[in-house]
Amino acid sequence: MLLDELPISRVKIVDDNALARRSLSLTLSDVNWEPIDEPGPLLSLDDFVSSSIASVDAVICDHRLTTYARFSGAEAVAKFYIEKFPAILCTAWSRADIDAMRPYRRFIPVVLSTSDANPDTLIEGFRICSKELKGEFSAVRKPWRTLIRVIEVNEESNAIFVVIPAWNSAEIIRLTKELLPGQIQENLRPDFRFHAQVNLGSEDQNDLYFDQFETD
Amino acid sequence: MIHPKLVVLDVGHGNCSILFNTRGIIVIDAGPGGSLLEFITEHKIRRIDAILISHADKDHIEGVVALLASGIVEIGLVKLNSDAMKGTELWDDLVYELDKANFEGKLKFEVGLTTNDANNLDYGEIGIEILAPRPYLAAKGPGATDRNGRLINTNTVSAVVRLTRKNIPMVLISGDIDDLGLSYLVDSGVNVNASIWIFPHHGGKSGQKNLGLFAEQFTELVQPDVVIFSIGRSGHLANPQPEVVMGLRKKRPTARILCTQLSKHCSGSLPVGESPHLPKIFSRGRVTHSCCAGSIAINLMVDNLQILPEINLHREFIVDNAPTALCKNW
């Protein structure tokens with residue numbers, strides 16, 4: 001099947017739960033894509049990514065992989081993105097594990113909830129993914145340089161609370177300090193302002209990504 | 001030959017108008033979020049000659065903060081009125097970015113947008129008139145009381161902009177002006193007549209005691225043929241308010257009404273599939289199928305005002321998708 005000139009016929013399924021892999025296989029069959037089961041264990045991210053690129057056309061990956069892999073699904077999908085290879089993150093953890101996913105979110109074009117995975121959403125997901133790999137960002141993913149203002153710094157939880165006025169000046173966003181470069185971490189205090197690239201078209205704060213931080 | 005046009009951008013709940021004048025591009029309010037950025041990118045705009053900010057509400061200024069930080073376009077001038085009452089951090093963010101850009105010589109930042117600016121905004125064939133606020137109101141500022149003891153708030157000092165061509169009034173952009181602001185406008189004896197009117201405050205409540213009467217009185221003054229409500233579908237707001245449309249219809253029964261997005265009063269559900277009536281310009285509601293008229297494009301020709309979406313296609317969409325349409329008069 002041609003999706004925006006990206007040929008997909010074999011899709012690898014990466015999930016620590018064998019039943020979930022089986023279920024997704026059936027969904028892929030409905031699209032006439034050949035599901036390729038990945039039983040694990042996966043030790044090296046680099047080896048996994050290069051062998052996948054050599055053997056399949058796309059990957060669907062769960063996020064939390066427990067003992068099945070030595071890396072997270074978010075890490076893997078981001079690595080595929082950098083290699084310009086289509087991959088979708090399909091997980092029930094998109095909200096619960098946002099801190100772990102946020103550092104990689106710039107390189108994860110599509111996060112699909114496990115319960116939403118069906119032929120239509122997968123086709124649409126790979127379509128979005130392939131376009132972004134060619135540099136065609138959808139409005140919800142396009143990066144813009146923008147102002148970020150610190151509201152509160154919480155040393156105990158190692159978190160900061162910020163507002164992105166150009167996105168929604170009335171909504172506060174929690175970020176982990178580790179997301180920020182050292183020079184910004186050193187200056188964190190209420191009302192401190194800095195700039196970064198953010199996808200301002202995002203509808204949901206969990207889909208926001210942060211990249212190319214700058215201090216003024 | 002450049003044909004002047006105005007785009008009323010669908011930004012959701014908020015206001016943003018872009019005037020393509022014969023000697024420059026002028027933005028009047030910038031809406032919330034990044035919609036203006038999308039439009040600028042889509043139209044490959046390299047320079048905006050002036051940004052006029054009607055007042056300090058987030059649904060009019062967030063987009064300026066977005067634009068200033070993005071660095072995607074050269075900006076000539078930004079004009080606004082001070083608003084100490086607002087005191088919001090968003091206002092601080094805006095002033096922070098403006099001050100920085102002004103200091104770095106990237107733009108000219110001017111405080112003051114009043115009726116005294118009548119001759120300061122010459123960017124071509126389309127005249128830009130500032131009908132309100134008067135310097136008195138702007139100087140008193142939000143939070144103060146006027147000489148009759150009435151509280152001036154942010155909406156009272158909202159700038160009202162009128163576009164003219166060959167001295168013929170064409171478009172009235174009335175920001176979020178409230179009934180006190182309107183009373184000052186009336187007292188000034190200024191003619192606010194215009195063919196096309198962007199209704200204030202999205203047709204919603206903004207402190208008026210009688211919203212229907214406010215709509216009636218203002219409509220009587222403007223005498224519009226076309227009325228635009230720049231509204232958003234999402235969130236708790238449901239604009240325009242039915243009493244506003246009723247008041248409007250009472251005075252101008254045949255006026256064409258366009259809402260940028262589909263009001264909850266007109267349909268409980270959103271259309272499915274494509275909306276072929278929408279002009280091929282960015283609309284915030286396009287992806288979520290929230291548009292009614294979407295972004296509106298107006299060719300500013302004196303003898304033949306052309307508006308997109310085209311009236312018949314737009315009506316077909318309304319008939320098919322808005323079973324309780326407030327605008328329907330055909």
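Labels below follow one simple rule: chain letters A, B, ... track the order of the sequence lines, proteins then strands, and each chain is numbered from 1. None of these values were measured; they are calculated from a predicted model. All values below come from the heavy atoms of this structure, side chains included, with hydrogens, waters and symmetry mates left out.
- Within the model, atoms CD of Glu62(B) and CG of Asn168(A) stand 5.5 Å from one another, a figure rounded to the nearest 0.5 Å.
- Arg22(A) CZ: 12 or fewer foreign heavy atoms inside a 6.0 Å radius.
- For Glu274(B), the CD atom counts as loosely surrounded, since its 6.0 Å shell holds 12 or fewer non-hydrogen atoms of other residues, nucleotides or ligands.
- By number of non-hydrogen pairs under 4.5 angstrom with chain B, the leading residue of Arg149(A), Lys142(A), Gln197(A) is Arg149(A).
- Checking Leu94(B), Leu68(B), Asp93(B) one by one against Leu147(A), the side chain to side chain contact (heavy atoms under 4.5 Å, CB included) holds for a single residue, Asp93(B).
- Atom CD of Gln183(A) has 12 or fewer neighbouring heavy atoms from other residues, nucleotides or ligands inside a 6.0 Å radius.
- The two residues Leu90(B) and Ser169(A) have their closest heavy-atom pair at CD2-OG, 3.5 Å.
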Assess the residue pair Arg145(A) and Ile72(B) against the criterion (side-chain contact (heavy atoms from CB on, under 4.5 Å)); give the C-alpha distance rounded to whole Å, side-chain angles, the decisive distance to 0.1 Å, and a yes or no. CA-CA 9 Å; Arg145(A) 181 181 182 273; Ile72(B) 62 166; over 6 Å; no
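- At most 12 non-hydrogen atoms from other residues, nucleotides or ligands lie less than 6.0 angstrom from NZ of Lys106(B).
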Go through it in stages, so that I can follow the logic: the residues are Arg193(A) and Asp92(B), the test is side-chain contact (heavy atoms from CB on, under 4.5 Å), and I'd like the CA-CA distance, side-chain angles, deciding distance and then a yes or no. CA-CA 11 Å; Arg193(A) 289 171 169 92; Asp92(B) 283 348; 3.4 Å; yes
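- Separating the CG atom in Leu200(A) from the CD atom in Glu38(B) is a distance of 9.0 Å, to the nearest 0.5 Å.
- For Trp93(A), the CH2 atom sits in a loose shell: 12 or fewer heavy atoms of surrounding residues, nucleotides or ligands are nearer than 6.0 Å.
- Only the side chain of Trp144(A) comes within contact range of chain B, judged by heavy atoms closer than 4.5 Å.
- Only the side chain of Thr41(B) comes within contact range of chain A, judged by heavy atoms closer than 4.5 Å.
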